[in-house]
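The structure displayed is predicted, hence computed values, not measured ones.
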Amino acid sequence: MNDAATGRGAPRVSRRTILGLGATAAGALAACTAAGPEPPGSASGSTGSTGQKPVIDQWYHAYSEAGAREAVVRYAAAYSGATVTVAWKVGDYDFTTAAAVRSGQGPDVFEYANGPTIDMIRGGHVVDLTDTVGAGQEGFQQSILGRMTHEGRIWGIPQVVDTQVLVYRRSMLDDAGLAPPRTMDELIESARALTTKDVKGIYLGNRGGATHLGGPTLWSAGLDYLTDDNKVGFDDPRAAEALGRYAELHESGAVLTEAPKDWFEPAALIDGLTAMQFTGLWTFPELTEQLGEDFGVLPWPALDDMGNPSVPLGAYGACVSATATDVEAAKDFVRWLWVEQADLQLDFATAYGLHIPSRTSLIDQADDLKSGPGAEATAIALDYGVPQSKLLWTRTCVNAFEAMMDAVIGGADPASEIKDLRPVVAAELKRVLA
């Protein structure tokens with residue numbers, strides 16, 4: 001159920017697409033799912049007779065994973081404290097939801113990529129959920145919960161954790177006599193060595209990774225988009241060095257530049273078009289079905305001994321609108337579903353695609369994460385996981401940084417591009433902090 005899955009025909013989007021393509025709450029939906037028939041209890045009908053119960057309107061984006069829609073309707077129907085209607089929203093979910101919430105005409109409860117935006121929080125459009133999480137906050141993956149926290153208050157409750165990793169075909173590396181790469185130098189060398197007339201060494205996506213590998217590139221050098229005190233974090237010579245190495249990987253001739261399906265689907269790796277691919281944990285059920293044990297998993301490599309390997313982490317956060325018909329009833333429902341109901345949280349994380357439960361205490365109960373590549377991915381996510389972005393890294397910042405990545409991949413000078421980008425981000429930080 002990620003933000004980056006899709007199918008063909010009318011492209012599909014799942015939570016892997018949104019979390020993977022933009023890393024902000026405004027999240028870059030590349031496409032949307034066809035709506036399909038409404039299951040009982042969805043937007044056009046309630047989950048039961050209202051009586052005197054509060055009525056709560058809940059919105060989800062259109063996950064592509066089979067069964068996800070029916071699952072969230074089932075969860076809503078199981079709640080006895082209110083009548084919960086579930087709307088399955090197609091189209092540009094982030095844009096339409098943000099606009100509806102700002103106007104006061106939106107849902108009572110809604111999910112948003114990586115939690116509500118700083119503009120939603122500072123504009124008073126969402127409510128403080130600190131007391132809703134309560135003592136349960138210690139059980140959540142702390143960096144993800146921290147991404148939804150501002151000035152010591154929690155504004156969204158993580159639903160599941162989506163994890164992005166570097167996946168490789170074991171047999172291809174073994175046949176080439178290569179160990180899995182741990183640094184950018186090794187990654188470039190391995191990609192070149194694995195490239196033949198029929199196979200490219202690595203696949204990063206049809207935009208070359210511009211939409212989702214900016215963070216790992218900075219983290220590889222020990223940097224980030226923003227500093228901990230919300231200053232520009234990439235205006236550093238090591239950022240230019242890391243971007244230069246990323247460009248060198250593209251210039252090597254070892255990168256698959258076009259594939260029938262994008263990075264968030266595993267087809268290029270399964271079909272033997274590439275030996276390595278940056279993709280998500282959500283693809284592992286399909287990879288296992290098609291490849292058996294012939295794939296392994298790595299974090300994105302460190303630039304060098306002074307840098308860091310990394311695993312991007314994203315999560316949809318459950319939010320409550322400040323204009324909900326009954327704010328307390330909405331908070332009670334969110335607490336019931338995303339704090340108290342361990343069985344439903346585990347179901348949502350592992351039964352529709354594969355994801356890491358947002359509550360670390362549930363990880364040991366997820367069978368698909370106990371062994372093999374699922375366990376490997378979970379281990380490196382816990383060791384090297386980094387939230388995809390900072391809260392103040394807004395859509396304006398995302399768009400500008402992606403444009404810079406496109407330019408660098410196309411041969412532009414990284415130091416010059418960083419110099420041009422810095423004032424754009426600085427101005428946006430000044431705006432949101434005013």
Discussion item. Let's go through V160 and Q141 carefully: what are the C-alpha distance in whole Å and the side-chain angles of both, what is the deciding distance for side-chain contact (heavy atoms from CB on, under 4.5 Å) to 0.1 Å, and is it a yes or a no?
Written reply: CA-CA 10 Å; V160 299; Q141 210 283 342; over 6 Å; no
Discussion item. Could you report the tightest heavy-atom contact between L303 and A221, atom names first, then the distance?
Written reply: CD2-CB, 3.9 Å
Worksheet entry | Any residue meeting side-chain contact (heavy atoms from CB on, under 4.5 Å) with D304, in chain and number order, not counting sequence neighbours | R238, E241, M306
Worksheet entry | Contact check, side chains of W263 and Q164, non-hydrogen atoms, under 4.5 Å | yes
Practice prompt. Return yes if some donor-acceptor pair links the side-chain N/O of E417 with the main-chain N/O of M405 below 3.5 Å, else return no.
Written response: no
Worksheet item: Between S321 and D108, is any side-chain donor less than 3.5 angstrom from a side-chain acceptor?
Response: no
Item to complete: Please say whether more than 12 non-hydrogen atoms of neighbouring residues, nucleotides or ligands are located less than 6.0 Å from CG in D343.
Response: yes
Discussion item. Tell me whether Y60 contacts the main-chain N or O of E111 through its side chain, where contact means a donor paired with an acceptor under 3.5 Å.
Written reply: no
Discussion item. Using side-chain contact (heavy atoms from CB on, under 4.5 Å), reason through D332 and Y79 one step at a time and then give a plain yes or no.
Written reply: CA-CA 10 Å; D332 287 344; Y79 183 59; 3.7 Å; yes
Practice prompt. Find out whether P158 and L145 are in side-chain contact, i.e. whether some heavy atom of one side chain is under 4.5 Å from a heavy atom of the other.
Written response: yes
Worksheet item: Can you check whether L129's main-chain N or O pairs, donor with acceptor, with K331's side chain at less than 3.5 Å?
Response: no
Discussion item. What I want to check is whether the side chains of T117 and D119 have a donor and an acceptor closer together than 3.5 Å.
Written reply: no
Discussion item. I270 vs E286, test: side-chain contact (heavy atoms from CB on, under 4.5 Å). Steps then yes/no.
Written reply: CA-CA 9 Å; I270 290 170; E286 186 174 354; 3.9 Å; yes
Discussion item. Any heavy-atom pair between the side chains of L226 and V425 that's under 4.5 Å?
Written reply: yes
Worksheet item: If you measure from CG on D406 to CZ on R207, what distance do you get to the nearest 0.5 Å?
Response: 4.0 Å
Item to complete: May I ask you to test the Q388-W393 pair for a side-chain heavy-atom distance under 4.5 Å?
Response: no
Discussion item. Restricting to non-hydrogen atoms, name the atom on A318 and the atom on V334 that form the minimum distance, rounded to 0.1 Å.
Written reply: CB-CG1, 4.2 Å
Worksheet item: Checking ring-ring contact (aromatic ring centres under 6.0 Å, His included) against Y63, which of Y93, F348, Y352 comes through?
Response: F348
Worksheet item: Can you check whether A68's main-chain N or O pairs, donor with acceptor, with E65's side chain at less than 3.5 Å?
Response: no
Fill in: Heavy-atom closest contact (P312 atom, P216 atom, distance)
CG-CG, 3.7 Å
Worksheet item: Do side-chain atoms of E428 reach the backbone of C397 as a donor and acceptor pair under 3.5 angstrom?
Response: no
Discussion item. Quick check for you: to the nearest 0.5 Å, what is the distance between T274 atom OG1 and L256 atom CG?
Written reply: 6.0 Å
Item to complete: State whether the number of non-hydrogen atoms from other residues, nucleotides or ligands found under 6.0 Å of Q142 atom CD is greater than 12.
Response: yes
Discussion item. Is it the case that the side chains of N308 and S310 hold a donor-acceptor pair, with the cut-off being a distance below 3.5 Å and no angle test?
Written reply: no
Worksheet entry | Ring geometry between F110 and Y112 (parallel below 30°, tilted from 30 to 60°, perpendicular above 60°) | perpendicular
Discussion item. Determine whether a donor-acceptor pair (N or O, by modelled atom type, separation under 3.5 Å) exists between the side chain of R122 and the backbone of A434.
Written reply: yes
Worksheet item: Given the side-chain rings of H212 and F264, with only the six-membered ring counted for Trp, is the space between their centroids under 6.0 Å?
Response: no
Practice prompt. Considering non-hydrogen atoms only, spot the tightest contact between P414 and A240 and give its length.
Written response: CB-O, 3.7 Å
Worksheet item: Counting N and O atoms only, with roles assigned by atom type, does the side chain of R69 sit under 3.5 Å from a partner on the main chain of A62, one being a donor and the other an acceptor?
Response: no
Worksheet entry | Qualifying residues under side-chain contact (heavy atoms from CB on, under 4.5 Å), relative to A426, sequence neighbours excluded | V232, R422
Discussion item. Taking CD in E258 as the centre, count heavy atoms belonging to other residues, nucleotides or ligands within less than 6.0 Å. Is the count above 12?
Written reply: no
Practice prompt. Give, for atom NZ of K231 and atom CG of L392, the distance between the pair rounded to the nearest 0.5 Å.
Written response: 11.0 Å
Worksheet, complete the sentence: Between the OG1 atom in T163 and the CD1 atom in I380, the distance rounded to the nearest 0.5 Å is 8.5 Å
Discussion item. Whether the R147 and S389 side chains hold a donor-acceptor pair (N or O, under 3.5 Å, no angle test) is what I'd like checked.
Written reply: yes
Practice prompt. Report yes if the side chains of N114 and P387 come closer than 4.5 Å at any heavy-atom pair, otherwise no.
Written response: no
Worksheet item: How about F295 and F284: are their ring centres within less than 6.0 Å of each other?
Response: yes
Worksheet entry | Any donor-acceptor pair under 3.5 Å from T288 side chain to P285 backbone | no
Item to complete: Search all heavy atoms of Y203 against all heavy atoms of A268 and return the closest pair with its distance.
Response: CD2-CB, 3.7 Å
Worksheet item: How far apart are the C-alpha atoms of K261 and D271, what are their side-chain angles, what is the distance that settles it, and do they pass the salt bridge (Lys or Arg N to Asp or Glu O under 4.0 Å) test?
Response: CA-CA 11 Å; K261 297 186 178 181; D271 294 343; over 6 Å; no
Discussion item. Would you say that Q345 contacts S358 through its side chain, given a criterion of any heavy-atom pair below 4.5 Å between the two side chains?
Written reply: no
Item to complete: Not counting sequence neighbours, list each pair that qualifies as a salt bridge (Lys or Arg N to Asp or Glu O under 4.0 Å) and has a residue in residues 361-377.
Response: R170-E376, D367-K370
Item to complete: Could you pull out the closest heavy-atom pair between E265 and T279, with the gap in Å?
Response: N-OG1, 4.3 Å
Discussion item. Measuring only between side-chain heavy atoms, which start at C-beta, is T149 closer than 4.5 Å to W155?
Written reply: no
Worksheet item: Can you check whether L287's main-chain N or O pairs, donor with acceptor, with Q290's side chain at less than 3.5 Å?
Response: no
Worksheet item: Atom CD in E402, atom OG1 in T211: separation rounded to 0.5 Å?
Response: 5.5 Å
Fill in: D229, CG atom: more than 12 neighbouring heavy atoms under 6.0 Å
yes
Item to complete: Assess whether side-chain contact (heavy atoms from CB on, under 4.5 Å) is satisfied between T283 and L269, documenting all intermediate values.
Response: CA-CA 11 Å; T283 66; L269 202 69; over 6 Å; no
Practice prompt. Would you give the length of the straight line joining atom CG of N399 to atom CZ of F401, rounded to the nearest 0.5 angstrom?
Written response: 12.5 Å
Worksheet item: Do side-chain atoms of T360 reach the backbone of F140 as a donor and acceptor pair under 3.5 angstrom?
Response: no
Discussion item. Any heavy-atom pair between the side chains of L166 and I202 that's under 4.5 Å?
Written reply: yes
Discussion item. Please check if the number of heavy atoms outside Y384 that lie under 6.0 Å from its OH is greater than 12.
Written reply: no
